[in-house]
Asker: 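Just passing along the structure, written as structure tokens.
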Amino acid sequence: MEKLEKIYEGKAKILHKTSDPDLLIQYFKDDASAFNGKKKGTIVDKGVMNNHISSRIFEYLEENGVKTHFVKSLNDREMLVKNLEIIPVEVVLRNVAAGGLCKRLGIEEGRIFDEQPVMEFFYKSDPLGDPMINECHVDVFGWATKEEVEILKSAGLRVNKLMVEFFKERKIRLVDFKLEFGRHKGEVLLGDEISPDGCRLWDWETNEKMDKDRFRFDLGRVEEKYQQVYDLICAE
Ligand code: TMP
């Protein structure tokens, strides 16, 4: 498998072509950004930890019947993934009130949603700052078909259920997280990464934050908390 030219560089990852047009190499950087790129910084070894954390979670999801772009981990910072046509709709699942939901709706942080998670859609657009959208926008503007939206919803709920259990076994509360999907050979696959960059993770006992909110709000001990998540997930 030969690594060819870079085809995309985002805030936290780089995608390279390979000698197989169906496969890409996803490289994880240490760069961190927040508030739509207004805050920038580095989290030492984040790329290594997020690559391993994401690999482990994709493996777990695949073992449980979720179709993902993950093929295999290549080294500390790279994984081999299927080449997706990205659907520009971010799916956010929330089990506990935090972040944007509290700000937007005035719900107190920490309220637990016992009955069902809250699901939200955002339009994936850096220039627009990923605005919140609904199914009607997705349909009218053609970002995904009605069938695809049904897959995003059912896969989102299934992934949430699996991940809540996965993290609970490791004494972590999965507060919320973001998923991205893409098309590949007629199927919709889960893409991107699953790591403390795109999930809110709280210590089950103390509610201490173990995710990118530590970077966003200058809470300190960022690397230490990423490392703890890494150890709980990858040192099995
Ligand atoms: P929010 O509270 O800022 O809307 O974010 C909800 C969760 O989704 C949080 O874990 C961060 C993640 N997220 C991203 O990683 N990228 C995004 O563009 C969005 C909208 C959310």
Side-chain angles (χ1 to χ4, degrees), residues 8 10-13 26 28-41 43 46-47 49-51 53-54 57-58 86-113 116-135 137-138 143-144 152-153 155-157 159-164 166-168 172-182 190-204 207-219 222 225-226 229 233:
Y8 165 85
K11 294 166 216 156
K13 290 187 300 292
Q26 176 160 262
F28 288 74
K29 305 198 285 186
D30 287 349
D31 297 350
S33 73
F35 310 118
N36 199 31
K38 285 188 201 82
K39 182 180 169 86
K40 287 196 173 82
I43 300 174
K46 173 171 82 77
M49 295 187 276
N50 281 0
N51 179 35
I53 291 168
S54 291
I57 294 177
F58 279 134
I86 290 293
I87 295 172
V89 176
E90 301 185 338
V91 181
V92 168
L93 275 300
R94 301 178 185 274
N95 300 297
V96 180
L101 179 117
C102 297
K103 219 170 162 185
R104 207 166 36 242
L105 302 178
I107 310 291
E108 77 281 13
E109 185 182 77
R111 181 158 145 194
I112 295 172
F113 311 136
Q116 58 170 349
V118 171
M119 191 184 310
E120 297 170 344
F121 295 142
F122 295 83
Y123 178 45
K124 192 171 156 56
S125 163
D126 283 340
L128 297 175
D130 296 342
M132 193 174 176
I133 53 171
N134 62 31
E135 278 182 57
H137 297 109
V138 178
W143 293 322
L152 300 193
K153 291 199 292 188
L157 290 175
V159 169
N160 184 52
K161 213 168 170 194
L162 288 166
M163 282 184 31
V164 164
F166 181 87
F167 281 107
K168 188 175 179 184
I172 296 173
R173 192 183 294 280
L174 178 61
V175 170
D176 59 31
F177 61 99
K178 185 248 326 177
L179 298 175
E180 292 185 18
F181 294 86
L190 180 61
D192 196 42
E193 67 176 298
I194 300 182
S195 72
D197 272 16
C199 301
R200 284 198 176 88
L201 304 169
W202 294 358
D203 182 290
W204 193 273
N207 283 346
E208 191 170 29
K209 295 179 185 0
M210 307 173 78
D211 54 66
K212 205 166 88 175
D213 271 354
R214 301 202 73 84
F215 167 78
R216 288 189 188 98
F217 302 111
D218 297 318
L219 302 179
V222 185
K225 291 292 148 186
Y226 271 65
V229 173
I233 288 177

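Keep in mind it's a predicted model, so treat the numbers as computed, not measured. Note that these values count all heavy atoms, side chains included, but never hydrogens, waters or copies made by symmetry. Both ligands and their constituent atoms are indexed starting at 1 by order of listing.
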Asker: Using a 4.0 Å heavy-atom cut-off, say whether E90 meets ligand 1 through its side chain, its backbone, both or neither.
Answerer: side chain

Asker: Starting from atom 1 (P) of ligand 1, find the nearest protein heavy-atom neighbour and note its residue, name and distance.
Answerer: R94 NH2, 3.5 Å

Asker: Tell me whether F122 has any N or O atom under 3.5 angstrom from an N or O of ligand 1.
Answerer: no

Asker: For Y8, give me all partners under ring pair (Phe, Tyr, Trp, His ring centres under 6.0 Å), at least two apart in sequence or on another chain.
Answerer: none

Asker: Does the pair E109/R200 count as a salt bridge with the N-to-O cut at 4.0 Å?
Answerer: no

Asker: At a 4.0 Å threshold, what atoms of ligand 1 neighbour a non-hydrogen atom of D130?
Answerer: 18 (O)

Asker: Do NZ/NE/NH1/NH2 and the carboxylate oxygens of D31 and K29 come within less than 4.0 Å?
Answerer: yes

Asker: For K209 versus R214, what's the shortest heavy-atom pair and its separation?
Answerer: O-NH1, 2.8 Å

Asker: For ligand 1, which part of K212 has a heavy atom less than 4.0 Å away: the side chain, the backbone, both, or neither?
Answerer: neither

Asker: I need the atoms of ligand 1 closer than 4.0 Å to a non-hydrogen atom of G198, numbered in the order shown.
Answerer: 10 (O), 12 (C), 15 (O)

Asker: Which option, R216, K103, K178, R200, owns the non-hydrogen atom nearest atom 3 (O) of ligand 1?
Answerer: R200

Asker: Is the contact between D176 and ligand 1 made by the side chain, the backbone, both, or neither, using heavy atoms and a 4.0 Å cut-off?
Answerer: both

Asker: Out of all atoms in ligand 1, which are within 4.0 Å of some heavy atom of C199? Include the element for each.
Answerer: 10 (O)

Asker: Quick one: do K46 and D30 make a salt bridge, cutoff under 4.0 Å?
Answerer: no

Asker: Looking at G99, which atoms of ligand 1 are within less than 4.0 Å of one of its heavy atoms?
Answerer: 2 (O)

Asker: Before accepting this row, confirm whether a basic side-chain N of the pair K39/D218 lies closer than 4.0 Å to the acidic partner's carboxylate O.
Answerer: yes

Asker: Which protein non-hydrogen atom lies closest to atom 2 (O) of ligand 1, naming both residue and atom, and how far is it?
Answerer: G100 N, 2.7 Å

Asker: Before accepting this row, confirm whether a basic side-chain N of the pair K13/D192 lies closer than 4.0 Å to the acidic partner's carboxylate O.
Answerer: yes

Asker: Show, in sequence, the C-alpha distance, side-chain angles and deciding distance for D197 and Y226, and conclude whether the side chain to side chain donor-acceptor pair (under 3.5 Å) test is met.
Answerer: CA-CA 9 Å; D197 272 16; Y226 271 65; 2.6 Å; yes

